[in-house]
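For the numbers below, each heavy atom of this structure counts, side chains included, while hydrogens, waters and symmetry mates do not. All chains are named by letter (A, B, ...) in the order of the sequence lines, taking the proteins before the strands, and each is independently numbered beginning at 1.
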Amino acid sequence: MASQKTLTDYERRRLENIKRNQEMMSSFKIQSVANQFHSSTSKRQRTETKTYKTNRGKQPKSEAPIVMRRSLRARGIPPEKKIGLGEEENVTNPTESEYPSPKKLGPVTMLDAYNGTGSLDNQMKHQKHLIDTIKSLSETNLMSCSIHDDDASVIGSSLDLESLILKPENVARVLPKNILNLCIFPCKNRSIVVAGNKAGSLAIWDMDADLKEDKEEQIGNDDGIYLYDPHTAPISGIVIQPFSLSKVYTSSYDGCIRLMDVEKEAFDMLYSSDDAIFCLSPHPHEAKSVYFGEAQGMINVWDERAGKSSSSCILHDQQINTIDFHPENTNCMATSSSDGTACIWDLRNINANRPESLKMVDHKKAVHSAYFSPSGNCLATTSANDKVGLIRGTNFMDISMVQHNNQVGRWIPSFRAIWGWDDSYLFIGNMKRGVDVISTGYRKMVTLESPYMSAIPCRFSAHPYKVGMLAGATAGGQIYTWVSQQH
DNA sequence: TCGATTATTAACTGT
DNA sequence: ACAGTTCCATAATCGA
């Protein structure tokens, strides 16, 4: 009943937002971008462009420094068990002991986790260069934030869809295997993206690397891509601390939450569990806590001050795929789950054994994401039932469903519709190698296409400060970054 | 109701 | 250009 009071409070604010939003939308010019569905005569259109920016995409060859790292993790059958099976034989019994594999506990230095090529000396220099970059960016970001606090100018900036283009230099293969998660640094003047893949590797791509002023500082053929191996199973969440860019949280199916602390040049181990961790989300108003979905439907909170997980609770019948917080109402949280539902919760109510949600959206099939719009007026859900849900209005009572093909099969990570820079558009992958842009204002859906996009983008991240900069990641480890071409 | 099983799918790998 | 491999997602289908 305490929640009732907040809701009215909350409602009032939302109504104001809705009004503001409507004004914004009506003043917004309609883009009817001609849908050039090149119904692609066949599939073999062009695939050469994707290797525009190649990388050490493959497994390291036999080189001295790598052997050192390999000896720690890969190839490691738990030594105390399974010896009787003989080596290499463990492949034949997939029933047990397969997945948890050689999980490394405790902190790992960034250099140890670094996966590069070339001489050890070059690797050290290259890796150090990234550390310096992130450190410097952390400082400049703090300065610019404190001087003119014009963050608000970005939120609500409208976007001209026609201006979005994909340049070949903004295409790169940054990782082997599926990218499951990516996140662009919340930094005003730089474009750096962090991506995690199914193998537990983390890539950091500094897209401004080739514009670097200090050419003589460049090491080897510096493509701005840095590869680390902090986890041993799929990376399920990446969170960059907005006010401390040198801290990047990662969660993984290996049951660990790590913190890449660039100041300490290490991947700290914050939390470890026998169960998989499926998602990770920072509380926007409590900088020191991250929420994460663990095991079957459980939500858990990591509290940095306490140095441990503070509370847990079962919210769903199956795994929680995403957690997201309302941008204004500090007690409002949304979850999506493979149990077929997305829910909105009052944080004060989720301590009970069987908490009750404020709102539940039933998709009947797995829900892969549920994200609040930048204003908080709308919740967008993406489900395996081929619907994108828009939940808005007073108390989120108004539910509309947009048809969208979300049948990705087995090899493509599930689609998740994300918001751009205002409440106007959602961005989601398209099975025909495009980016679908869903309008919330009852306009026709538009598909972004490019000859340089040779695979299906399934996961996205929008640059928090650069309107129009949208990075899409594929099952093949590529990242395609669309930008807004001025004028 | 709960397991175990299978079909589905796109892109990479390597001849 | 072709075929073989990926393999821990999801839903539908059987069998206990």
Side-chain angles (χ1 to χ4, degrees), chain A residues 40-59 61 90-101 103 171-181 195-201 231-236 251-255 274-279 293-297 316-322 336-342 362-369 381-387 404-416 429-435 452-459 472-480:
Chain A
S40 47
T41 53
S42 74
K43 39 245 170 148
R44 293 293 115 227
Q45 194 106 325
R46 66 275 155 193
T47 35
E48 322 85 65
T49 47
K50 71 183 163 199
T51 48
Y52 182 82
K53 225 173 184 176
T54 50
N55 182 36
R56 64 205 126 248
K58 268 315 296 170
Q59 296 306 337
K61 311 137 200 182
N90 59 331
V91 194
T92 57
N93 61 333
T95 44
E96 46 132 16
S97 80
E98 185 78 28
Y99 212 51
S101 65
K103 186 160 76 179
V171 175
R173 184 182 306 274
V174 301
L175 282 168
K177 302 205 171 187
N178 301 23
I179 295 177
L180 297 179
N181 242 289
N197 76 354
K198 191 154 66 171
S201 304
H231 290 285
T232 59
I235 289 180
S236 56
S251 66
S252 168
Y253 283 34
D254 67 13
D274 289 337
D275 298 312
I277 295 170
F278 293 104
C279 58
E294 187 180 343
Q296 277 212 219
H316 286 277
D317 292 335
Q318 290 179 51
Q319 73 188 55
I320 297 174
N321 293 313
T322 62
S336 64
S337 167
S338 295
D339 70 5
T341 67
D362 190 0
H363 277 278
K364 305 283 193 239
K365 292 191 182 179
V367 186
H368 294 124
S369 67
T381 59
T382 307
S383 168
N385 76 342
D386 283 349
K387 295 280 194 298
H404 187 268
N405 175 25
N406 297 332
Q407 299 307 307
V408 292
R410 186 179 188 181
W411 316 119
I412 310 293
S414 57
F415 289 159
R416 296 174 171 179
N430 176 303
M431 288 301 279
K432 292 190 299 193
R433 303 187 184 93
V435 183
Y452 300 116
M453 204 156 67
S454 57
I456 297 166
C458 50
R459 298 287 163 92
T474 74
Q478 296 113 315
I479 294 181
Y480 299 90

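Across the protein-nucleic acid pair, A:H231 atom NE2 and C:dC8 atom P stand 18 Å apart, rounded to whole Å. Taking atom CD1 on A:I320 and atom C1' on C:dA9, their separation rounds to 18 Å, with Å as the unit. Taking atom NZ of residue A:K364 and atom C1' of nucleotide C:dA12, one finds them 17 Å apart after rounding to whole Å. Atom pair A:N178:CG and C:dA9:P shows a separation of 10 Å (rounding to whole Å applied). Regarding A:I412, its CD1 atom lies at a distance of 15 Å from the C1' atom of C:dT10, rounded to whole Å. A straight line from CE of A:M453 to P of B:dA10 spans 15 Å, rounded to a whole angstrom. Distance A:R459 CZ to C:dA9 C1': 11 Å, rounded to the nearest Å. To the nearest angstrom, P of C:dT10 lies 14 Å from CZ of A:F415.
Between A:Q478 and B:dC12, a side-chain N or O to OP1/OP2 separation shorter than 4.0 Å is present. Residue A:H368 places at least one side-chain N or O under 4.0 Å from the OP1 or OP2 atom of C:dT10. Applying the 4.0 Å criterion to OP1 and OP2 of C:dT10, one finds that A:S338 has a side-chain N or O inside that range.
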Under the side chain to side chain contact (heavy atoms under 4.5 Å, CB included) rule, what do A:C279 and A:I320 come out as? Steps first, then yes or no, please. CA-CA 7 Å; A:C279 58; A:I320 297 174; 3.9 Å; yes

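Looking at A:D254, its side chain never comes within 3.5 Å of a backbone N or O of A:H231 through a donor-acceptor pair. Distance alone, capped at 3.5 Å, places no donor-acceptor pair between the A:N197 side chain and the A:G477 backbone. In this structure, the side chain of A:T382 does not engage the main chain of A:F415 through any donor-acceptor pair within 3.5 Å. A donor-acceptor pair under 3.5 Å is formed between the side chain of A:Q407 and the backbone N or O of A:A384. Panel note: side chain A:D339, backbone A:D317; a donor-acceptor pair is recorded below 3.5 Å.
Side chains of A:T341 and A:H363: a donor-acceptor N/O pair is absent below 3.5 angstrom, by distance only. With no hydrogens or angles considered, no side-chain donor-acceptor pair links A:N321 and A:S337 at under 3.5 Å.
Side chain of A:M431, nearest nucleotide from C:dA9, B:dA10, B:dC12: B:dA10.
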Using Watson-Crick and G-U wobble pairs with both distances under 3.5 Å, what is the 5'-to-3' dot-bracket string of DNA chain B, with [ ] for crossing pairs and | for pairs outside the strand? ||||||||.||||||

Give each protein N/O atom lying under 3.5 Å from an N/O atom of nucleotides 4-7 of chain C, with the pair distance.
residue, atom, partner, partner atom, Å
C:dC7, OP1, A:K177, NZ, 3.0

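Here the side chains of A:L180 and A:R459 are in contact, with some heavy-atom distance below 4.5 Å.
Among the protein residues, A:A384 comes within range of the sugar-phosphate backbone only, with heavy atoms under 4.0 Å from sugar or phosphate atoms but none that close to a base.
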